[in-house]
Number of protein chains: 2
Amino acid sequence: MLKEERQRLILDKLNTDKKINFVELGKFLDVSYDSIRRDIIELEDKGFLKKVHGGAVANSYLSVLGTKTNGASSSEELGILSKKAQKLFENRQTIIMDGGTTNFFMAEQLAKTLELTIVTNSTPLAMALNEHPRIDVIFLGGTYFKRYQITLGSEVSRQLEHINADYYFMGVNGVDAQKGLSIRHYEESLIKQQMMQAAKKTVCCTIEEKLNVQEAHRVCNFQQLDLMITNLKPTDVALKDFQKQGVEII
Amino acid sequence: MLKEERQRLILDKLNTDKKINFVELGKFLDVSYDSIRRDIIELEDKGFLKKVHGGAVANSYLSVLGTKTNGASSSEELGILSKKAQKLFENRQTIIMDGGTTNFFMAEQLAKTLELTIVTNSTPLAMALNEHPRIDVIFLGGTYFKRYQITLGSEVSRQLEHINADYYFMGVNGVDAQKGLSIRHYEESLIKQQMMQAAKKTVCCTIEEKLNVQEAHRVCNFQQLDLMITNLKPTDVALKDFQKQGVEII
DNA sequence: AAGAATACTGCAAATGTATGCAAAGTTTTT
DNA sequence: AAAAACTTTGCATACATTTGCAGTATTCTT
């Protein structure tokens, strides 16, 4: 096995597991503990990860290569969700969409004939719209965060001040009826709050795995949403708590 | 077996396996280890792959843009050009790079250990830098032009006002000793002019096909360049007219 | 503080690399 | 068609990198 190949595998594994253990990894890749350790040191020098006692953890700048969907089941859920969302779009609308797999998937599924303006801070999303000739894209510039492949920071914020959109499609890590919509990255939560301000209505598209999940930074309360779209039927028992809040759910 | 034929087989194998081991391959193709190794060196110089200890791994450039590239010859030229350009980069520099295959290729080839800030308006370029943990990316937001996968317009312009870069690597469609550097898209030519203002030195990387080509919109005169990098030897007769202009050419 | 787990160091074996050289093969020139 | 010039190839050599191991030091856990 080539050293480079092994290091690639280490990074991949780190990407999915967020942390790795030398001994385990050595057995898994069938090389000595020392080789793994030396690889880790090398990768740390290059800045790909952080070495800790007993292993290594993902560096916040670590690239996310698996932008694609995370497995068949989740892709099916996205399909259902996306189909529901498509009904909202009408010609001449201006839509804010941020990063995340859900939004990316929805953008890809948009009808080729739709005439929209989409405002985004996500590079994969912008590129997904290359195939949609009638959709204008406004890209919000700023500091680029490789991990999420989005821009953030005051420059994004400043540009948002001049935007008046019809909808904001918010991607989140967790949706909880009591704890609200939340996300892992602090800066991102701030931008999301501003995106809400910049749109008449905020829509949250989320697959069932994210329901009742709470992450570190709250973007807003659940009631502040105008609409939630999930892959479940609106009457599904899993949505009971959410239905009580008076937010439209489809 | 012809060398060409063998190199084609090597590339094919690399395409499917993503990696190559010299010993295995030597047995497989029934040629000496050394021939394989020399082939790999040659292919690396042309930018087709990356040589590592004991073998070679796929160059991400080919896997990403693989089908889009304009033929093998052009990739070879880019490899030579890119190698020359790499000498300019030093830690802590701020570099403006706009769109185009040349810049994209160069960005991918940057050393993983380089500590740079790269300012760009090209989405593929920003994403190419995901793999460079020490490179900060500032993305210039604005109106997104799908055709070139870059942003343009007044918003980009406004953000550029606050940038002071060390180098600007300009991508162009045509370079002519008399008619200057030119490009097809009007708006883009304006942004390029501003990018020149925002950097101490402007560098133009161009393959020979673009020499003596004139496009609709002139960005600047040839003399305004600080450095031109081509795939040719500086002494090449095709560069005669350019050499007279007093611009450094490597 | 003791014991366990993990990390570091230096070393030797295995493997890989660079280079020069001569033979074989190709192309160009005469 | 022969000779000359150039390229490619395989091999031998010396040098460099990678790897696993053993011994020792350090850090973590209880």
Side-chain angles (χ1 to χ4, degrees), chain A residues 1-14 17-59 62, chain B residues 1-14 17-59 72-73 75-77 79-80 82-84 86-87 109 111-114 131 133 231-233 235-237:
Chain A
M1 177 185 291
L2 300 175
K3 190 178 70 157
E4 314 288 322
E5 187 189 352
R6 202 177 50 224
Q7 295 190 354
R8 175 94 263 157
L9 287 170
I10 292 176
L11 284 180
D12 284 351
K13 191 154 179 60
L14 194 64
D17 297 0
K18 302 301 170 206
K19 64 169 202 289
I20 50 182
N21 172 294
F22 294 162
V23 182
E24 280 175 26
L25 200 59
K27 281 178 191 157
F28 179 63
L29 296 177
D30 198 32
V31 286
S32 78
Y33 165 89
D34 288 82
S35 291
I36 300 287
R37 196 173 55 80
R38 278 183 278 231
D39 282 338
I40 295 289
I41 291 169
E42 219 171 287
L43 290 170
E44 182 176 40
D45 281 349
K46 289 181 184 165
F48 281 104
L49 48 77
K50 191 168 183 311
K51 187 174 172 306
V52 295
H53 193 89
V57 294
N59 181 324
L62 185 69
Chain B
M1 179 184 292
L2 297 172
K3 192 175 70 153
E4 300 273 316
E5 187 188 350
R6 201 177 51 224
Q7 295 194 352
R8 175 129 306 279
L9 286 170
I10 292 176
L11 286 180
D12 285 350
K13 190 154 176 62
L14 193 65
D17 295 1
K18 303 295 170 210
K19 56 144 195 192
I20 275 175
N21 177 298
F22 292 161
V23 182
E24 280 175 25
L25 199 62
K27 281 178 191 158
F28 180 62
L29 297 177
D30 199 32
V31 285
S32 80
Y33 176 91
D34 289 78
S35 292
I36 299 286
R37 202 171 54 76
R38 277 184 279 231
D39 281 339
I40 296 287
I41 291 169
E42 217 170 288
L43 290 170
E44 180 179 41
D45 282 347
K46 293 176 184 170
F48 286 111
L49 47 77
K50 189 168 182 305
K51 184 177 176 303
V52 298
H53 194 94
V57 294
N59 185 329
S73 66
S75 164
E76 179 176 343
E77 293 169 355
I80 297 168
S82 166
K83 214 161 230 178
K84 290 190 200 171
Q86 300 302 328
K87 288 169 199 151
Q109 306 288 318
K112 293 281 193 291
T113 47
L114 260 181
E131 313 234 7
N231 59 303
L232 303 170
K233 286 192 185 137
T235 52
D236 194 293
V237 62

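Every value quoted in this text rests on a predicted model; they were computed, and no experiment measured them. Chain letters run A, B, ... following the sequence lines, proteins first and then strands; every chain starts at 1.
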Handout entry: Nearest-nucleotide pick for A:D34, side chain only, options being D:dG20, C:dT17, C:dT6
Key = D:dG20
Exercise for the section: Ignoring backbone atoms, test whether A:Y33 places a side-chain nitrogen or oxygen under 4.0 Å from the OP1 or OP2 oxygen of C:dA7. Expected result: yes
Handout entry: Length of the line joining B:E4:CD and D:dT7:C1', which is rounded to integer Å
Key = 12 Å
Practice task
Quickly, which of A:D39, A:D30, A:D12 forms a salt bridge (Lys or Arg N to Asp or Glu O under 4.0 Å) with A:R6? Name it, please.
Solution key: A:D39
Problem - NZ/NE/NH1/NH2 to OD/OE distance under 4.0 Å, B:D236 and B:K233 - result: no
Practice task
Using only side-chain N and O atoms of B:S32, determine if any of them is under 4.0 Å from OP1 or OP2 of D:dT9.
Solution key: no
Problem - Between D:dT19 (C1') and A:I41 (CD1): distance, integer Å - result: 14 Å
Exercise for the section: Starting from P on D:dG10, measure out to CZ on B:F22 and report it in whole angstrom. Expected result: 15 Å
Completion exercise
Taking D:dT18, C:dC8, C:dT6 as options, the one with an atom nearest any side-chain atom of A:K3 is D:dT18
Exercise for the section: Indicate yes or no: does B:K19 engage A:E5 in a salt bridge with an N to O separation below 4.0 Å. Expected result: yes
Practice task
Considering only NZ, NE, NH1 and NH2 on the basic side and carboxylate oxygens on the acidic side, decide whether B:K84 and B:E77 come within less than 4.0 Å.
Solution key: no
Completion exercise
In whole angstroms, the gap separating P of C:dA7 from CG of A:L25 amounts to 13 Å
Exercise for the section: Please report, rounded to the nearest Å, how far the C1' atom of C:dT6 is from the CZ atom of A:R38. Expected result: 15 Å
Problem - Atom-pair distance (CE on A:M1; P on D:dT17), nearest Å - result: 22 Å
Handout entry: Contact nearer the 5' end of DNA chain D, comparing B:D39 with A:I36
Key = B:D39
Problem - Length of the line joining B:I40:CD1 and D:dT9:P, which is rounded to integer Å - result: 13 Å
Handout entry: Residue whose closest nucleotide on DNA chain D lies nearer the 5' end, B:S35 versus A:H53
Key = B:S35
Problem - Euclidean distance, atom CG of residue B:L29 to atom P of D:dG10 [Å, nearest integer] - result: 11 Å
Exercise for the section: Report yes if a donor N or O on one partner sits less than 3.5 Å from an acceptor N or O on the other, where the partners are the side chain of B:R37 and the base of D:dG10; otherwise report no. Expected result: no
Exercise for the section: Taking B:E44 for its side chain and B:K51 for its backbone only, find out whether a donor-acceptor pair lies under 3.5 Å. Expected result: yes
Exercise for the section: Side chain of B:R6 only, please: which of D:dT9, D:dT27, C:dC8 is the nearest? Expected result: D:dT9
Exercise for the section: For B:N21 and for A:G54, find the nucleotide of DNA chain C with the closest heavy atom, then tell me which residue's nucleotide is more 5'. Expected result: A:G54
